[in-house]
Amino acid sequence: ARDAYLERQSESKSLMKLVYGVYSSRNESNNEDNTVKQEESDSDEEIGGLFKVVAEKQANLQTERSIKDVDECCFFKQGGGEIRDWLLDEYKEQIKNCFVTGKWRASEDAEELLKLDDL
Amino acid sequence: MPPFARENNLLVYKGNNFLKQRLLLSTLSGKPVKIIEIRSEDANLGLREYEISLIRLFDKITNGTKIELNESGTSLYFCPGLLHGGAFHHDCCTQRGIGYYLDVLIALGPFCKTPLNITLRGVTNSKESPSVDHIKGAAIPVLKKFIVVDEGLELKVTKRGMMPGGGGEVVFKCPVKQKLRPTQFLKAGMVKRIRGTVYASKVSPAMANRTVESAKGVMLNFLPDVYIYTDQNRGKMSGNSPGFGVNLIAETTDGVFYSAEAISNTKDEGKEPSVPEDLGREAAYRLLDEIYRGGCVDSSFQWLTILFMALGQKDVSKYLTGPLSDYSVHFLQHLRDFFAITFKLENPEQDDEDDALPGAQKVLMTCVGIGYTNINKRVI
């Protein structure tokens with residue numbers, strides 16, 4: 001669970017699609033003469049394709065239900081509700097530079113700037 | 001989740017989740033909304049008491065709102081009136097914290113006709129909603145960013161109230177604005193100080209001190225500038241139920257605030273009583289999680305930033321945030337339903353090893369405001 005959570009945090013591509021993708025996929029399925037889809041299902045084996053579609057629909061329904069009946073909450077959901085032990089060295093390393101006590105950017109570091117002055 | 005159906009202006013949704021988002025956007029956009037199948041498969045059908053209380057609050061703050069509920073409470077029709085505001089008090093249902101209601105007031109406050117001066121009564125600190133301290137620490141600075149002049153903006157906790165009895169009281173004042181300023185906020189800065197409040201009602205003062213000790217113990221590993229206040233309450237000031245908790249706030253060099261909270265179990269939950277040391281540590285770890293996510297806004301209030309960006313003047317707003325929460329993702333979708341506005345979302349590229357942003361992958365949100373103006377305030 002933790003790995004999935006971390007992956008989610010570092011997910012880098014197609015953010016737009018993640019957020020707004022629901023719409024395009026819905027429009028697609030609404031569109032009756034959607035040739036692309038037809039071709040897809042044709043290329044699948046007759047029965048295998050049918051099962052796939054049903055299973056997909058079932059899964060979609062389930063995720064939709066799991067979203068719609070939950071109580072509203074604006075917190076960031078932790079992966080599996082667990083909290084990382086930030087005092088472990090590997091995690092400490094990751095977060096160290098978020099504090100003023102960590103390493104500053106070269107353009108802001110007082111020491112670096114002083115060096116520039118001396119030049 | 002996309003709307004189930006659209007009829008002219010009316011938007012139809014299914015399910016009870018995101019009720020607040022939908023009512024909020026409906027009120028701002030003036031589009032009526034209908035929500036069906038509210039817990040229709042649940043043993044306990046229909047709207048909960050706290051949701052009714054929220055709808056009442058919407059009714060109080062507006063003028064001419066039409067609300068229709070069916071008998072079992074599984075279907076709601078909401079046709080918003082004009083935003084009025086003014087001074088009143090509202091008894092919030094104790095099933096949820098005041099934070100659940102206060103969110104709405106913060107989002108609507110600047111667009112009211114008369115400045116808000118509202119007294120809310122109920123549970124000030126609870127697990128399932130951001131607490132009043134959390135909002136004060138993290139959401140008010142966001143509002144300040146967008147309204148520029150913050151004279152008359154105030155949030156005060158006059159009494160504490162814990163779950164399940166409540167009995168707390170909060171006063172919120174908000175000035176009205178003609179429009180919001182487009183904002184570009186791309187640098188989060190580094191955490192320079194940590195402040196916090198430990199509150200305790202009807203429990204031994206030792207609890208508070210032990211919580212402070214452990215929370216501080218963790219944070220001192222990262223930063224020397226840590227100070228945690230204690231807020232001991234007894235008698236009338238402490239509400240109706242015993243409990244204690246801790247709220248921590250981190251401030252960065254660029255004026256970003258992150259907040260995290262941990263609260264003791266109540267006797268209703270049937271869990272073991274909380275140990276103060278564990279609570280302090282939990283809050284500290286949560287804050288570190290929040291700092292790791294980073295960005296220019298606390299993750300619980302990404303939606304507020306998104307809203308204010310969208311409603312700003314017709315100019316480009318840019319904001320750097322941490323990874324988007326599920327709630328924000330749904331808020332973006334709803335915003336598109338109501339205002340037909342789409343954000344540009346991308347991960348900022350990190351060209352230079354030296355300049356890499358610490359912490360989790362960030363998100364850069366860009367949008368052009370829709371130029372929402374307060375219809376009650378005429379331009380002179």
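Lettering of chains follows the sequences in order, A, B, ..., and the numbering in each one begins at 1. These numbers come from the heavy atoms of this one structure, side chains and all, not from hydrogens, waters or symmetry mates.
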Which atoms form the tightest heavy-atom contact between [X] and [Y], and what is the distance?
X: B:Ile341; Y: A:Tyr20; value: O-OH, 4.2 Å
X: A:Thr101; Y: B:Phe222; value: OG1-O, 2.8 Å
X: A:Phe75; Y: B:Pro130; value: CZ-N, 3.4 Å

Open item on the list: Tell me whether the count of non-hydrogen atoms from other residues, nucleotides or ligands lying under 6.0 Å of CD in B:Glu49 goes above 12.
Closed with: no
Open item on the list: Could you check whether atom NZ of A:Lys92 has more than 12 heavy atoms from other residues, nucleotides or ligands sitting under 6.0 Å from it?
Closed with: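 Enclosed.
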Which portion of [X] sits near chain A, non-hydrogen atoms under 4.5 angstrom:
X: B:Arg96; result: side chain
X: B:Phe343; result: both
X: B:Tyr258; result: neither
X: B:Thr342; result: both

TODO: First locate atom OH of A:Tyr91, then atom CG of B:Asp289, and finally report the distance between them rounded to the nearest 0.5 Å.
DONE: 10.0 Å
Task: Inter-residue atom distance A:Leu87.CG - B:Leu288.CG, 0.5 Å rounding - done: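 CG of B:Leu288 is found 7.5 Å from CG of A:Leu87.
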Is [Y] close to [X] at the side-chain level, that is, under 4.5 Å between some pair of heavy atoms?
X: A:Cys73; Y: B:Ser129; answer: no
X: B:Trp303; Y: A:Cys74; answer: yes
X: B:Leu223; Y: A:Val100; answer: yes

Open item on the list: Looking at chain A, which one of B:Glu282, B:Lys192, B:Arg39, B:Lys20 has the largest number of heavy-atom pairs inside 4.5 Å, strictly under?
Closed with: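 Looking at each of B:Glu282, B:Lys192, B:Arg39, B:Lys20 in turn, B:Lys20 comes out on top.
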TODO: Against chain A, work out which of B:Glu37, B:Met190, B:Glu41, B:Arg48 has the most heavy-atom pairs shorter than 4.5 Å and name it.
DONE: B:Met190
Open item on the list: Whether the A:Trp86 and B:Asn221 side chains hold a donor-acceptor pair (N or O, under 3.5 Å, no angle test) is what I'd like checked.
Closed with: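 Absent: no donor and acceptor within the cut-off.
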